Amino acid sequence: MSESTSAGSGASYASAGVDIEAGDRAVELMKEWVKKTQRPEVLGGLGGFAGLFDASALKRYERPLLASATDGVGTKVDIARQMGVYDTIGHDLVAMVMDDIVVCGAEPLFMTDYICVGKVHPERVAAIVKGIAEGCVLAGCALVGGETAEHPGLLGPDDFDVAGAGTGVVEYDRLLGADRIRTGDAVIAMASSGLHSNGYSLVRHVVFDRAGMTLDQQVEELGRTLGEELLEPTKIYSLDCLALTRTTDVHAYSHITGGGLAANLARVIPDGLHATVDRSTWTPGAIFDLVGKAGQVERLELEKTLNMGVGMMAVVPADSVDAALTTLADRGVESWVAGEITERGAHTGAELVGDYAK
């Protein structure tokens, strides 16, 4: 290689497509939103190499168990990209992470995020973080840090993805799960806000490829555009579930995400017991019917992919049902008794029976 190259013409990070200054501007724009999530246990501010959380707060626990989870929001990010709406996808991320943590009875403590982009647009990144921060407030946890990575050449200038990890804590003797469930327990369903953040590969294939719909298309049965429906944020149940554990004797929770209602509920059913969920106790939202009809998707396929209108389930003793429903109603959570726990010999799991209410 010739050494006569003029000064200043050599390769640089910027010429490779990475804009460090844009990343710095994004950090400045997001600081105000991260600050809104702070808990008293958080030390330091945004910009350090690691987020700090004062673990001495755990001294009040006799035997504290740390619960952790990590997740993303899948191909729902492509809906946000196409619509140019970036301040709601963070709600989805927090819900996917923190509602997994609360299932075992753990209180969400803190979260970190990872945002990968093809090109840093500071306002866009800040909008994503705004949504994450708002989600953290709804979940009661702190956003203690994160990372924004620019990957030119791997992602297009407008492409992005998000992921997050969270930590919670639960007292050992308050741990919820399969070992608490008994015959005769009731299964309480909590309504979802829509599709949440699962099954979007199927949904996108159906509405775009098979039905030829567009995001700006007004859909009468939805009462809004298709894009608005698909971008509806995932409901965050964390504080509702914690309130329920304080007021009733909850035995277990099941977060209804990928795999659908039956498969996720089966994860907390012990050997020898069986959960039966009656479809006639609720009517799935219009979006589920639209996807089924537009793609000629069989009901069982829908049910193993989508939440069908139920985002979280609680298993409680029969004598705690009234208190549980009252607590959830007081918190504005639509809920109902959807099923029960029965003995099933060596066969275990969960199944849906009957037909959905019209």
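On a predicted model such as this, the values are computed, not experimentally measured, just so you know. Both backbone and side-chain heavy atoms feed into the values below; hydrogens, waters and symmetry mates do not.
Between Phe53 and Leu109, some side-chain heavy-atom pair lies under the 4.5 Å cut-off. Using a 4.5 Å cut-off on side-chain heavy atoms (C-beta onward), Leu290 and Val219 make contact. In this structure, His91 and Thr234 have side chains that are not in contact, with every pair of non-hydrogen atoms separated by 4.5 Å or more. At a threshold of 4.5 Å between non-hydrogen side-chain atoms, the residues Ile269 and Ile341 count as touching.
The cluster map of Ile, Leu, Val, Met, Phe, Trp and Tyr, joined by side-chain heavy atoms under 4.5 Å apart, puts Phe288 and Met213 in the same cluster. In the hydrophobic clustering of this structure, Leu176 does not group with Leu273; members are Ile, Leu, Val, Met, Phe, Trp, Tyr whose side-chain heavy atoms approach within less than 4.5 Å, directly or through other members.
Residue pairs meeting the salt bridge (charged side-chain N to carboxylate O under 4.0 Å, His left out) criterion with at least one member in residues 310-331, sequence neighbours excluded: Asp240-Arg331.
Using a 3.5 Å distance cut-off with no hydrogens or angles, the side chains of Asp249 and Ser320 do not pair a donor with an acceptor. Between the side chains of Ser68 and Thr167, not a single donor N or O lies within less than 3.5 Å of an accepting N or O. A donor-acceptor contact closer than 3.5 angstrom links the side chains of Asp99 and Ser238.
Between Arg180 and Asp185, none of the side-chain N atoms (NZ, or NE/NH1/NH2) sits under 4.0 Å from a carboxylate O, so this pair counts as no salt bridge. A salt bridge links Asp355 with Arg299; the closest basic N to acidic carboxylate O contact falls under 4.0 Å. The existence of a salt bridge linking Glu107 and Arg246 is excluded, since no basic side-chain nitrogen approaches an acidic carboxylate oxygen closer than 4.0 Å. A salt bridge does not link Arg182 to Glu343: none of the charged nitrogens lies less than 4.0 Å from a carboxylate oxygen.
Between Trp336 and Trp282, the ring-plane angle classifies as tilted under the 30° and 60° cut-offs. His255 and Tyr237 have perpendicular rings, their planes meeting at more than 60° on a 0 to 90° scale where under 30° would count as parallel.
Ring centroid separation for the pair Tyr86 and Phe160 comes in under the 6.0 Å cut-off.
Taking Asp289 as the reference, Lys293 meet the side-chain hydrogen bond (donor to acceptor under 3.5 Å, both in side chains) condition, with sequence neighbours excluded. In this view, Arg224 and Glu229, Glu232 satisfy the salt bridge (charged side-chain N to carboxylate O under 4.0 Å, His left out) rule, not counting sequence neighbours. Not counting sequence neighbours, the partners of Glu351 by the salt bridge (charged side-chain N to carboxylate O under 4.0 Å, His left out) test are Arg344. In this view, Arg81 and Asp78 satisfy the side-chain hydrogen bond (donor to acceptor under 3.5 Å, both in side chains) rule, not counting sequence neighbours.
Remark: the backbone N or O of Gly199 is not paired with any side-chain donor or acceptor of Thr305 at under 3.5 angstrom.
For the residue pair Ala139 and Pro108, the shortest heavy atom distance occurs at O-CG, 3.7 Å.
Applying the side-chain contact (heavy atoms from CB on, under 4.5 Å) test between Ile132 and each of Val137, Val97, Val94 identifies Val94 as the sole match.
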Next item on the list: Give the intermediate values and the outcome of side chain to side chain contact (heavy atoms under 4.5 Å, CB included) for residues Thr112 and Leu143.
Entry: CA-CA 6 Å; Thr112 58; Leu143 181 59; 5.6 Å; no
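Crowding of Glu334 atom CD: a count of heavy atoms from other residues, nucleotides or ligands under 6.0 Å not exceeding 12. In this structure, Glu62 places its CD atom where only 12 or fewer heavy-atom neighbours from other residues, nucleotides or ligands lie under 6.0 Å away.
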N/O donor-acceptor pairs under 3.5 Å from side chains in residues 203-212, not counting sequence neighbours:
unit_1	atom_1	unit_2	atom_2	d
His205	ND1	Asp209	OD2	3.3

